[in-house]
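Take a look at the structure below.
Protein chains get the first letters and strands the later ones, always in sequence-line order, with residue 1 at the start of each.
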There are 2 protein chains.
Amino acid sequence: MNQDIQNLPTGMGSATAVEPRLLAAEVLERLRDLIIQGELAPGVKLNERVLCERLRTSRTPVREAIKYLASEGLVELLPNRGAIVTPITAATVRETFVLLAALEALAGELACANASEADIAEIRALHYQMLAHHARGELAPYFRCNQEIHLRLVECTGNTALLNTYRALNGHVRRARYMANLSRERWDHAVEEHQGILDALIRRDKALLPLLLRKHLENKMLVVLEELERQAS
Amino acid sequence: MNQDIQNLPTGMGSATAVEPRLLAAEVLERLRDLIIQGELAPGVKLNERVLCERLRTSRTPVREAIKYLASEGLVELLPNRGAIVTPITAATVRETFVLLAALEALAGELACANASEADIAEIRALHYQMLAHHARGELAPYFRCNQEIHLRLVECTGNTALLNTYRALNGHVRRARYMANLSRERWDHAVEEHQGILDALIRRDKALLPLLLRKHLENKMLVVLEELERQAS
DNA sequence: CGAGATCATTTTGTATGCATAATACATTTT
DNA sequence: AAAATGTATTATGCATACAAAATGATCTCG
């Protein structure tokens, strides 16, 4: 049940045994990171020549990676005009969060049924680690723990279709919330919600957990939307 | 709210105004159709040379389309060994349907809130058209109507992220259920379920509609799984 | 001074060439 | 005959070359 995160498909052919790495796969991951971490900002044009120089390859792998990312939704293809990083608008963020909320709710339901005790123990450990970062006011590590918890929850459903979809959509909004400035108040509230979520998971309360997750995601959405407006102004 | 289906992104750069078609985009759609309609069966190796001859292009557009489809999940990349059509197993079908059920449930909920009267009227018209095909025992047209109804339901939520995800996942299982041999009994039952779904939509019953859709999808899953086992034996 | 047209440059899209890894086949060996 | 090894063939992955479209700069004319 507990998959090795190393061997989960993060994209192009990374699922084989001895892992013959392809250049295009390297380029893909590098590009994806650049986009998610905002170094390639929403709306920015992807110039192939520039990317080739930066990544030290020819255009072929770059173009193939861009096509992959286009299907993933992180870039938009403009026929005869190349590609841009998919712009983020309040509307798309809202839409994506609504979807993510439904997916996490489903994940919660399935996790109650399918998670192993070890899965739950691991999430619990991550939860306390997150609490520590919260107590120390360490925002970035907190975010990482937070992300990891949500990911683990989806993973331990054992539904790889769900996991793949979740990851793709999560990537879209992570761009927006990367380093969102949480007020202390909201932060505390988020942590409280996480406590409820963990408790429901431990009790395997398959009625409550989906509701809590959905609500939690809705609140996350509000934070991100605020941050988005703050940036816009 | 009511999007023009023509301009929805079905893939590579089909989202522009006057639509300067790229060869790679043509190849993409053609390949996708070949896979979904089963002409390129699950597990089959995609030989670039063969595809190039068939589609009258060079390898570049074919390779780019394959990368796109890999992200979509319809093909699997094997490093240094090309790509195969993603195999269908009972497990992946089950996983995908569980996910689709959750997505359609969400769509039902959103549709109750957001669908225009015109949207509902159109779905109603399609429903009666479907009933006609059912009465005449016309399976293929029935399936098309059925698909169209489900698609319209998702479309009229106005959530394009949901729509895109739905379409991709739907493509995966459509390969399996393309021309599934329905028993008359099951067929009749499916039609009854659709009647209930339509009624709930008309009443905008946002509590009931998601439940009906989820149940409907579960039954569809059973049909597909049976068909899959029948084919395997 | 500004709008529009013409031309140069850049960039994208497609085709092709070359190197390497994988596969198939034949030969040898046990 | 089966297994193993070596060789030939094929297919893939990456780089590059060429063609067409888009961009932008300059020039002309109102």
Side-chain angles (χ1 to χ4, degrees), chain A residues 9-32 34-35 40-41 43-71 74-86, chain B residues 9-32 34-35 40-41 43-71 74-86:
Chain A
T10 59
M12 292 175 166
S14 52
T16 35
V18 281
E19 202 87 20
R21 292 291 286 174
L22 297 181
L23 194 45
E26 303 274 3
V27 171
L28 171 66
E29 280 185 36
R30 184 100 184 82
L31 270 182
R32 186 166 27 215
L34 287 174
I35 292 169
L40 287 172
V44 162
K45 206 173 128 180
L46 297 177
N47 184 309
E48 293 179 4
R49 189 181 46 79
V50 172
L51 292 176
C52 290
E53 284 170 14
R54 185 158 183 179
L55 303 174
R56 308 286 192 161
T57 65
S58 71
R59 288 173 56 210
T60 308
V62 170
R63 286 182 59 87
E64 292 183 356
I66 287 174
K67 296 299 183 294
Y68 196 100
L69 290 169
S71 179
L74 285 179
V75 311
E76 241 172 62
L77 300 176
L78 311 175
N80 293 317
R81 294 176 47 193
I84 59 173
V85 178
T86 305
Chain B
T10 60
M12 292 176 165
S14 51
T16 34
V18 280
E19 203 85 23
R21 292 293 284 175
L22 296 183
L23 196 42
E26 305 273 4
V27 171
L28 171 66
E29 278 185 35
R30 185 101 185 80
L31 268 183
R32 183 160 37 210
L34 287 175
I35 292 170
L40 288 172
V44 162
K45 206 173 127 180
L46 297 177
N47 185 309
E48 292 178 3
R49 190 179 46 79
V50 171
L51 291 176
C52 291
E53 284 170 13
R54 186 159 182 178
L55 302 173
R56 308 286 193 157
T57 63
S58 70
R59 289 172 54 210
T60 309
V62 170
R63 287 180 58 89
E64 292 183 356
I66 287 175
K67 296 299 182 295
Y68 195 100
L69 289 170
S71 179
L74 285 179
V75 310
E76 242 171 61
L77 301 177
L78 312 177
N80 292 317
R81 295 175 46 192
I84 60 173
V85 178
T86 304

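Put simply, CG on B:Leu22 is 19 Å from P on D:dA19, counting in whole angstrom units. Going from atom CG of B:Leu78 over to atom C1' of D:dA11 covers 13 Å, rounded to whole Å. Across the protein-nucleic acid pair, B:Arg63 atom CZ and D:dA11 atom C1' stand 10 Å apart, rounded to whole Å. Rounded to an integer number of Å, the gap from B:Ile84 CD1 to D:dT12 P is 13 Å. One can place CG of A:Leu55 at 19 Å from P of D:dG13, the figure rounded to the nearest angstrom. Distance, A:Asn80 CG to D:dA20 P: 12 Å, rounded to whole Å. Spacing between atom CZ of B:Arg56 and atom C1' of C:dA15 amounts to 16 Å, rounded to whole angstrom units.
Considering A:Leu74, A:Val85, A:Leu46 in turn, A:Leu74 is the only one that fulfils the side-chain contact (heavy atoms from CB on, under 4.5 Å) rule with A:Leu69. Exactly one residue among B:Leu28, B:Val75, B:Val27 makes a side-chain contact (heavy atoms from CB on, under 4.5 Å) with B:Ile66. That residue is B:Val75.
Between the side chain of B:Arg81 and the base of D:dG13, no donor-acceptor pair of N or O atoms lies under 3.5 Å.
Of all heavy-atom pairs spanning A:Tyr68 and A:Arg32, the tightest one is CE2-NH1, 4.5 Å. Listed here is the closest heavy atom pair of A:Ala65 and A:Ala24: CB-O, 4.2 Å.
Candidate nucleotides D:dC14, C:dT14, C:dA21 were compared by shortest atom distance to the side chain of B:Glu64, and C:dT14 ranks first. Residue A:Thr57 places its side chain closer to D:dA15 than to any other of C:dT16, D:dA15, D:dA21.
Taking for each of A:Thr60 and A:Gly82 the nucleotide of DNA chain C with the nearest heavy atom, the 5'-most of the two is the partner of A:Gly82.
In this structure B:Arg30 satisfies the side-chain contact (heavy atoms from CB on, under 4.5 Å) test together with B:Leu34, B:Leu55, sequence neighbours excluded.
Non-hydrogen atoms lying under 4.0 Å from DNA chain D are contributed by nothing in residues 43-53 of chain A.
Of the side-chain N and O atoms in B:Arg59, none sit less than 4.0 angstrom from OP1 or OP2 of C:dT16.
Between atom CG of residue B:Leu40 and atom CD1 of residue B:Ile84 there is a gap of 12.0 Å, rounded to the nearest 0.5 Å. The OG1 atom of B:Thr60 lies 8.0 Å from the CZ atom of A:Arg63; values are rounded to the nearest 0.5 Å.
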